[in-house]
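Heavy-atom basis, side chains included; hydrogens, waters and symmetry copies ignored.
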Amino acid sequence: MTFDASETTFQNPDTDPHANDAAPYGGGDPYADYREAGDLPFTELVDLADRRLGGGVIAANDEFFAQRENLLLRERAVFDPEHFGHKGKIMDGWETRRRRGADADHPFPAPEDHDWAIVRLGAPGIVRGLVVDTAHFRGNYPQRVSVQATAVDGAPGPEELLADDVKWEEILPPTPVRGHAANAFEITGGRRYTHLRLCQHPDGGIARFRVHGEVVPDPAWIAALGTVDLISVLNGGTYEDASDRFYSSPTQIILPGTSRKMDDGWENRRRRVRDTNDWVRFRLPAQGAVRAVEIDTAYLKGNSAGWVALQGRNGETGEWFEIIPRTRLQPDTLHRFVLRAQAVVTHVRLDAFPDGGVARMRLHGGFTESGTAELTRRYEESGA
């Protein structure tokens with residue numbers, strides 16, 4: 001397991017412990033001097049720890065100043081310079097108390113001392129990249145972070161995960177990070193994980209934690225369900241490409257649950273070129289047979305797609321064929337389509353005419369025999 005931190009410039013804290021500090025907050029926009037991570041292709045992949053998928057921070061050894069649950073909030077971390085509580089400055093992130101040494105002659109913590117938080121992935125899968133966001137932690141961020149991962153079936157609690165018989169694999173060794181910055185790390189490897197342990201060395205604060213990767217569903221669970229949503233993120237569906245990502249990611253179309261507000265779906269900018277339209281292309285996790293389709297425009301009232309059409313193809317080089325012809329959509333409405341004949345596909349393309357938003361799309365059906373074999377193969381290989 002290796003990582004690549006080449007997108008971000010880190011200084012060695014052993015040489016200068018304050019080299020990665022950000023300047024103290026000087027007023028105005030707190031993000032004016034925030035250090036972005038640059039181009040990160042892996043962030044196009046789903047966040048496996050997303051709360052909307054069922055992710056959670058289930059334990060931490062310390063959260064004295066700020067709660068561990070803040071790590072997975074979807075919104076950008078906010079900063080209020082006047083917000084204090086009984087324990088001190090209240091930060092929008094996870095912040096631990098300052099560690100101390102063993103005695104007066106050894107006031108600094110030992111080199112191995114660290115704080116940790118255990119994150120349950122909402123969608124178990126292969127981790128391709130991590131973002132450790134230290135927004136607003138300018139001089140109180142950790143000097144280094146590390147991440148370990150494990151795969152434990154079921155719904156284990158903290159005690160079970162911390163048991164001696166659970167094997168944790170280090171996917172990010174202790175690595176310097178910068179304060180008030182998006183610290184990004186590309187992860188390589190093919191293992192499927194269910195839980196991650198985020199460690200701060202020796203202590204400090206982290207605003208947000210993102211775990212981007214590829215979902216690897218359990219084929220036994222899918223087989224037990226029978227009819228499933230073949231394109232759901234939870235079942236391994238992904239979006240491959242789209243004509244427009246101006247307001248939000250097309251991945252949101254295939255998230256579980258219902259949309260809760262206007263930006264919790266896919267919305268494109270207003271299209272001005274006649275005889276063109278917006279579109280998004282998805283890949284199923286394996287070959288499936290679609291029997292019914294749902295297209296939801298919840299909370300999209302004056303900006304929903306006017307009409308949509310759905311096409312499918314079987315295989316990377318298969319010919320596209322019509323699943324749903326161009327059909328008028330109503331705003332803020334769930335639309336259901338029962339297909340006259342099942343559509344066997346590996347990819348689908350949703351066209352919006354001429355533009356506009358879609359909150360959710362569901363493809364109800366089952367995986368074919370070859371699709372089930374592919375799911376089983378990938379599941380078994382990722383657990384090796």
Side-chain angles (χ1 to χ4, degrees), residues 1 3 5 8 10-25 56-72 77 83-120 130 132-150 152 156-181 183 185 195-209:
M1 183 68 65
F3 72 98
T8 307
F10 302 94
Q11 300 297 323
N12 187 344
D14 293 334
T15 304
D16 180 358
H18 299 290
N20 293 315
D21 289 6
Y25 175 62
V57 188
I58 64 174
N61 72 307
D62 188 292
E63 48 186 329
F64 186 86
F65 287 114
Q67 296 175 334
R68 65 183 190 259
E69 288 86 358
N70 292 332
L71 283 170
L72 302 187
H83 195 192
F84 287 84
H86 294 295
K87 294 181 179 180
K89 182 73 184 71
I90 296 176
M91 298 291 288
D92 185 7
W94 168 49
E95 185 180 9
T96 63
R97 73 193 81 196
R98 302 189 187 203
R99 280 184 169 269
R100 302 304 187 198
D103 51 48
D105 293 329
H106 306 87
F108 285 95
E112 67 273 12
D113 288 348
H114 66 276
D115 292 318
W116 53 265
I118 295 178
V119 176
R120 179 190 65 240
L130 303 169
V132 179
D133 186 353
T134 58
H136 316 305
F137 290 98
R138 296 168 175 269
N140 53 345
Y141 60 97
Q143 284 194 309
R144 291 178 172 84
V145 298
S146 66
V147 178
Q148 297 130 30
T150 190
V152 179
E159 299 82 3
E160 296 165 273
L161 291 167
L162 295 172
D164 292 339
D165 61 343
V166 174
K167 181 181 177 181
W168 289 86
E169 179 182 357
E170 190 172 72
I171 63 173
L172 179 69
T175 303
V177 292
R178 300 181 299 168
H180 194 46
N183 300 279
F185 307 95
H195 296 78
L196 268 58
R197 182 160 57 192
L198 172 63
C199 301
Q200 305 192 66
H201 304 266
D203 53 35
I206 296 171
R208 299 289 189 267
F209 184 49

Can you measure from CZ (Arg99) to CG (Asp115) and round to the nearest 0.5 angstrom?
4.0 Å
Say you draw a straight line from NE2 of His180 to CG of Asp21; how long is it, rounded to the nearest 0.5 Å?
12.5 Å
Closest contact, heavy atoms only, Pro202 versus Pro109
CB-CG, 3.9 Å
Value for CG (Leu196) from CH2 (Trp168), rounded to nearest 0.5 Å, stands at 7.0 Å
Determine, stepwise, if the pair Tyr141 / Asn20 fulfils side-chain contact (heavy atoms from CB on, under 4.5 Å).
CA-CA 9 Å; Tyr141 60 97; Asn20 293 315; 3.3 Å; yes
What pair of heavy atoms forms the shortest contact from Trp94 to Phe137, and how long is it?
O-CZ, 4.3 Å
Would a 4.5 Å heavy-atom cut-off, applied to side chains only, mark Lys89 and Phe65 as touching?
no
Any chance you could measure Arg208, atom CZ, to Thr134, atom OG1, to the nearest 0.5 Å?
12.0 Å
Without swapping roles, check the side chain of Arg138 against the backbone of Ala23 for a donor-acceptor pair under 3.5 Å.
yes
Pairwise distance CZ(Arg100) to CG(Asp113) - rounded to 0.5 angstrom:
12.5 Å
Which atom pair, heavy atoms only, marks the closest approach of Arg97 to Asp203?
O-CB, 3.6 Å
Answer yes or no: does atom OH of Tyr25 have more than 12 heavy-atom neighbours from other residues, nucleotides or ligands under 6.0 Å?
yes
Testing the basics here: between His136 and Met91, what is the closest heavy-atom pair and its distance to 0.1 Å?
O-CE, 3.2 Å
Note, Phe209 side chain near Asp133 side chain (heavy atom, < 4.5 Å)
no
Looking at Asp92 and Ala77, what are the two nearest heavy atoms and their distance?
OD2-CA, 3.3 Å
Shortest non-hydrogen separation from Pro142 to Gly205 and the atoms involved
CD-O, 3.2 Å
State the NE2-CG distance between His114 and Asp62, to the nearest 0.5 angstrom.
12.0 Å
Worked verdict on Asn183 versus Val145 for side-chain contact (heavy atoms from CB on, under 4.5 Å)
CA-CA 10 Å; Asn183 300 279; Val145 298; over 6 Å; no
side-chain contact (heavy atoms from CB on, under 4.5 Å) assessment of Glu160 paired with Val152
CA-CA 9 Å; Glu160 296 165 273; Val152 179; over 6 Å; no
With heavy-atom distances below 4.5 Å as the criterion, would you say the side chains of Gln148 and Leu198 are in contact?
no
Can you list the steps and then say if Arg197 with Leu162 is a side-chain contact (heavy atoms from CB on, under 4.5 Å)?
CA-CA 10 Å; Arg197 182 160 57 192; Leu162 295 172; 3.4 Å; yes
